[in-house]
Number of protein chains: 2
Amino acid sequence: MDQKIIFSEVQCTKHINAVEDALYVLGGKWKLRIIIALFSGYTRFNELQRRINGISARVLSNELKQLELNGLLKRVVQADQTPVVVEYLATEYAATLKDVVGALADWGQKHKKKITITDNV
Amino acid sequence: MDQKIIFSEVQCTKHINAVEDALYVLGGKWKLRIIIALFSGYTRFNELQRRINGISARVLSNELKQLELNGLLKRVVQADQTPVVVEYLATEYAATLKDVVGALADWGQKHKKKITITDNV
DNA sequence: GTTAGTAGTAAACAAAAGGTTAGTACTAAT
DNA sequence: ATTAGTACTAACCTTTTGTTTACTACTAAC
């Protein structure tokens with residue numbers, strides 16, 4: 001009932017700003033899903049599209065460009081191959097997202113259990 | 001260069017689905033910011049609007065309704081007071097988001113430092 | 001009695017995000 | 001020769017999200 005204050009007044013704006021900075025890069029429906037797929041070893045465009053349920057080629061293409069701009073993946077063209085093969089590889093920097101993805105996936109899993117049992121009050 | 005696979009193939013879909021469930025509740029531009037403000041002890045409508053830079057009354061109102069539906073806050077009307085005071089209080093369930101908010105804020109903070117130094121390749 | 005504050009809602013609109021369809025140019029198999 | 005796959009892009013449309021302005025109804029201060 002009387003909820004404890006977790007963050008101090010001074011920390012509030014700091015936290016909001018930090019989350020804002022994170023969401024600028026990770027926000028939207030798809031970016032974290034793409035990062036998970038990359039972590040899982042999927043590298044090719046159509047492979048990613050098949051794995052990430054519901055994403056269109058246009059949106060995937062745009063999202064990949066933005067993730068590359070933010071240093072989370074590298075687009076590698078294997079020009080020696082026929083046909084030319086394009087690979088999207090998570091960078092080392094993307095690995096710093098492990099905690100974020102982990103925390104969110106954990107919570108999501110627990111939340112799903114909660115709503116399937118409680119059916120939400 | 002040769003990025004290690006962090007999640008196994010089997011875990012990929014599980015992770016994506018879990019993150020999907022989390023984003024269903026927390027996704028969008030405002031929800032996490034509102035939760036942080038609630039954690040910080042801000043409880044009143046106008047107080048929240050002042051604290052969360054850029055949010056309009058309409059959007060704040062809608063977001064608060066959704067957060068209440070998902071059990072993350074309680075809308076409490078102090079009817080005895082004049083004028084009537086409305087308080088939005090984070091629930092205990094919302095406290096389970098501490099790790100998520102923490103991980104995201106941490107990453108956002110580090111990312112901001114990175115881009116202000118490196119200026120991004 | 002005018003101004004400011006509380007806690008919003010309604011209507012109208014604009015912007016951002018995402019979806020749909022089709023198409024390119026090339027290869028490889030049937 | 002047709003079908004299927006790769007890796008996309010363009011144009012167009014819809015949906016979602018957010019903004020702005022105005023308004024309610026009430027209180028409290030100046």
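The sequence lines fix the lettering, A, B, ..., with proteins before strands; numbering per chain opens at 1.
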So what does B/Gly28 touch, heavy atoms closer than 4.0 Å: a base, only the sugar-phosphate, or nothing?
-> nothing
Using a heavy-atom cut-off of under 4.0 Å over every strand shown, decide if A/Val86 touches base, sugar-phosphate, or nothing.
-> sugar-phosphate
Can you hop from B/Val85 to B/Leu73 via hydrophobic side chains spaced under 4.5 Å?
-> no
Interatomic distance where CD1 belongs to A/Ile55 and C1' belongs to C/dA17 [whole Å] | 12 Å
Within the structure shown, what part of the strands sits under 4.0 Å from A/Arg44 by heavy-atom distance: base, sugar-phosphate, or nothing?
-> sugar-phosphate
Taking atom C1' of C/dG5 as reference, at what distance in whole Å does atom CZ of B/Phe45 sit?
-> 14 Å
Distance in angstrom units between B/Arg58 CZ and C/dC13 P, rounded = 14 Å
Rounded distance (Å) that lies between atom C1' of D/dG18 and atom CH2 of B/Trp30 | 8 Å
How many Å lie between CG on B/Leu64 and P on C/dG8, as a whole number?
-> 8 Å
Respond yes when some side-chain nitrogen or oxygen of B/Ser61 is under 4.0 Å from OP1 or OP2 of C/dT9, and no when none is.
-> yes
Under 3.5 Å on both distances, the Watson-Crick or G-U partner of D/dC30 | C/dG1
Separation of A/Asn62 atom CG from C/dT20 atom P, in whole Å?
-> 15 Å
Rounded off to whole Å, could you give me the CD-to-P distance for the A/Glu63 and D/dT9 pair?
-> 14 Å
